[in-house]
There are 2 protein chains.
Amino acid sequence: MKSHYQKPRYLIVIEQIREKINNGELEPGEQLPSETALAKALGVSRNTLREALRILEEENIVIRKHGIGTFVNRVPVFQGGIEELFSITELIEREGKIPGTEILFTGYVEPHRDDVEELELEEDEQVFLVKRVRTADEVPLVYCIDKVPDSILHKRYKLREESIFNSLRDAGIVINHAESKINTIAYHDEISKIMNCDQHTPLLVLRQVHFDELNRPVLYSINYFRSDQITFNVLRKRI
Amino acid sequence: MKSHYQKPRYLIVIEQIREKINNGELEPGEQLPSETALAKALGVSRNTLREALRILEEENIVIRKHGIGTFVNRVPVFQGGIEELFSITELIEREGKIPGTEILFTGYVEPHRDDVEELELEEDEQVFLVKRVRTADEVPLVYCIDKVPDSILHKRYKLREESIFNSLRDAGIVINHAESKINTIAYHDEISKIMNCDQHTPLLVLRQVHFDELNRPVLYSINYFRSDQITFNVLRKRI
DNA sequence: ACGGATTTGTTCGTATGTATA
DNA sequence: CTATACATACGAACAAATCCG
């Protein structure tokens, strides 16, 4: 019954600044008032304002220049890059399309060598395997192979949802991040046929180990995307 | 002649904590002393320590949990992912290999439609075009097409270095970030031959618009990687 | 179930350093 | 050189989350 606590002020400040940008009060490239002035105007301390600005800078909404000022970033920034972890369901919905699923297999199987390593499996531990084709507006987009260690699932686990992410969350497993490898293959006898691809359409392959908050590997997935249906975007930063 | 300025304390604190992790004083998964205690031990204020911890958390070196504590991250995490912008030269050197270059073409040409859009070219503005094959230990790794707007180059510009990044830097242009699209093609008559690829080896295609600190597009590049020679890694985070 | 102790999160005030015009 | 702007740093207080007796 903890009802709602007050939202931190720096989050409110972030919203206020975003709003100023969205409604045109602050235009792209325009300089913000100085920190001292803006803090006073928003009724917060300079520290709180700086916390907000730091986050806005991380998100590429503003740019800060030492000794000069803070500016609204020109570019609206590339949304939904690959570095942001989302489920296939989310990916499809973001494109404004309707996700569909055709389940090809579910059940417990012996793991492969890779599975044992990536998922840090115990000896003789099985994996729960799901093979599916995911569609966007009825068009095949990606062939998904998902493997979850036996040990972290209740035996009565079943795939009730479209999204494995949601399904795992309902089972008390929250995915925090993933280590992904992007590659490509020209043609795969089985998969290319299922995906209705000819020899001229390679498959983009995403191999991912997903981890929960405790850094335990909880899901190993291999996704074969039709390369004519998708492109991965990345915002790369110089460090 | 203001000589050398003092290194900020939070950077020193970061080094100290990294050192404790590297020399085993702090082990993976281990909990750090409380912020109050650690700040006292390191002789800085809690705020300064927190600034250091925030950066270490961004870098996935530590994990902070509200009400519990701060911990050394278990996984050393995937270094050098694609979200970190580096030049091909750096990429090859990181793999411990020796970069080589075969220049196929350099000169000023009329831009394509894409170039005009991506590089925000003026009417009738030409681009400086470079086509090269980059090798790692003599093996062809990637076919590079790089285009730079005429307007940002001195006419006497020449490609003296292996790395276009370095070459541009010498010309006063510092690349800050890039928007990249990853895709793949099965076979390309010209490029696949040059790269010595058969029909079973698709090419991974990286199309990138590079920006300087002022968010001006300064370099448009298309890289065709031999997919049997490279995999792109990404650390994806749930947000 | 409750309360207190511990730990990180947020916020303010203030002072000083560094960069730029 | 000076004024302005952002960067760093300290101290203090309270909030929120978690843990444990």
Side-chain angles (χ1 to χ4, degrees), chain A residues 1-17 26 29-73 172 174 176 212-214 239, chain B residues 1-17 26 29-73 172 174 176 212-214 239:
Chain A
M1 162 111 308
K2 30 187 49 185
S3 78
H4 91 312
Y5 289 96
Q6 180 60 19
K7 185 180 294 192
R9 289 207 189 173
Y10 71 88
L11 289 181
I12 297 174
V13 170
I14 287 175
E15 285 173 14
Q16 290 174 315
I17 295 175
L26 286 171
E30 186 176 344
Q31 180 170 5
L32 273 66
S34 78
E35 293 182 352
T36 314
L38 188 52
K40 177 166 290 187
L42 296 175
V44 298
S45 75
R46 195 178 151 216
N47 279 344
T48 301
L49 171 62
R50 277 180 65 74
E51 175 69 13
L53 288 178
R54 198 166 46 64
I55 291 171
L56 288 170
E57 185 177 38
E58 264 179 36
E59 296 178 359
N60 288 291
I61 309 295
V62 303
I63 304 178
R64 293 198 277 179
K65 301 186 187 185
H66 193 161
I68 306 185
T70 303
F71 303 82
V72 180
N73 200 332
V174 179
N176 181 262
D212 68 3
E213 296 129 317
L214 302 173
I239 57 168
Chain B
M1 140 141 305
K2 32 187 52 179
S3 77
H4 84 321
Y5 52 90
Q6 178 63 20
K7 183 181 290 192
R9 289 207 188 172
Y10 70 88
L11 289 180
I12 298 174
V13 170
I14 288 176
E15 285 172 15
Q16 290 173 316
I17 295 175
L26 286 171
E30 185 176 345
Q31 181 170 6
L32 274 65
S34 78
E35 292 182 353
T36 314
L38 189 52
K40 178 166 290 188
L42 295 175
V44 297
S45 74
R46 189 179 156 218
N47 280 341
T48 301
L49 171 63
R50 279 180 63 77
E51 175 68 12
L53 289 177
R54 198 165 46 68
I55 292 171
L56 288 169
E57 184 177 39
E58 264 179 35
E59 296 179 358
N60 288 291
I61 309 295
V62 304
I63 303 177
R64 293 199 276 181
K65 300 185 187 185
H66 193 166
I68 307 185
T70 303
F71 302 82
V72 180
N73 200 334
V174 180
N176 181 262
D212 68 4
E213 298 126 315
L214 302 173
I239 56 169

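The chains referred to below are lettered A, B, ... by the order of the sequence lines, with proteins before strands, and numbering in each begins at 1.
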| field | Nearest heavy atoms of F71(A) and G29(A), plus distance in Å | value | CD2-O, 3.6 Å

| field | Minimum side-chain heavy-atom gap L32(B)-L53(B) below 4.5 Å | value | yes

| query | Roughly how many Å is it from CD in Q31(A) to P in dT20(C), rounded to a whole number? | reply | 14 Å

Pairs under 3.5 Å (N/O, protein and nucleotides 19-21 of chain D):
none

| query | Are the side chains of V13(B) and L56(B) in touch, meaning some heavy atoms are under 4.5 Å apart? | reply | no

| message | One pair to check against side-chain contact (heavy atoms from CB on, under 4.5 Å): T48(B) and I12(B). What are the steps and the verdict? | response | CA-CA 10 Å; T48(B) 301; I12(B) 298 174; over 6 Å; no

Please enumerate all protein N or O atoms sitting under 3.5 Å from an N or O of nucleotides 9-11 of chain D, with distances to 0.1 Å.
{"from": "dA9(D)", "atom 1": "OP1", "to": "R9(B)", "atom 2": "N", "distance (Å)": "2.0"}
{"from": "dA9(D)", "atom 1": "OP2", "to": "R9(B)", "atom 2": "N", "distance (Å)": "3.4"}
{"from": "dA9(D)", "atom 1": "OP2", "to": "Y10(B)", "atom 2": "N", "distance (Å)": "3.1"}
{"from": "dC10(D)", "atom 1": "OP1", "to": "R9(B)", "atom 2": "NH1", "distance (Å)": "2.4"}
{"from": "dC10(D)", "atom 1": "OP2", "to": "S45(B)", "atom 2": "N", "distance (Å)": "3.0"}
{"from": "dC10(D)", "atom 1": "OP2", "to": "S45(B)", "atom 2": "OG", "distance (Å)": "3.1"}
{"from": "dC10(D)", "atom 1": "OP2", "to": "T48(B)", "atom 2": "OG1", "distance (Å)": "2.3"}
{"from": "dC10(D)", "atom 1": "N4", "to": "N47(B)", "atom 2": "ND2", "distance (Å)": "3.1"}
{"from": "dG11(D)", "atom 1": "O6", "to": "N47(B)", "atom 2": "ND2", "distance (Å)": "2.5"}

| What integer distance in Å separates L53(A):CG from dT8(D):C1'? | 16 Å

| With no angle test and no hydrogens, is the base of dA16(D) tied to the side chain of H66(B) by a donor-acceptor pair under 3.5 Å? | yes

| field | Touch class at under 4.0 angstrom, heavy-atom based, for T70(B) against every strand present | value | sugar-phosphate

| Between dT14(C) (P) and R50(A) (CZ): distance, integer Å | 18 Å

| remark: When rounded to whole Å, the CD to C1' distance for the pair E57(A) and dA7(D) reads 11 Å

| Are E57(A) and R54(A) close enough for a salt bridge, meaning some N to O gap below 4.0 Å? | no

| query | Does the side chain of R64(A) come within less than 4.5 Å of R50(A)'s, by heavy atoms? | reply | yes

| Value in whole Å for how far the P atom of dT8(D) lies from CD1 of I14(B) | 10 Å

| message | Ignoring hydrogens, what is the shortest heavy-atom contact between L49(A) and A39(A)? Give both atom names and the distance. | response | CD2-N, 3.6 Å

| Does NZ belonging to K40(B) count more than 12 external heavy atoms closer than 6.0 Å? | no

| query | Can any side-chain N or O of Q31(B) pair as donor or acceptor with the backbone N or O of I68(B) at less than 3.5 Å? | reply | yes

| message | In this structure, how many angstroms lie between the C1' atom of dT18(C) and the CD atom of E35(A), rounded? | response | 14 Å

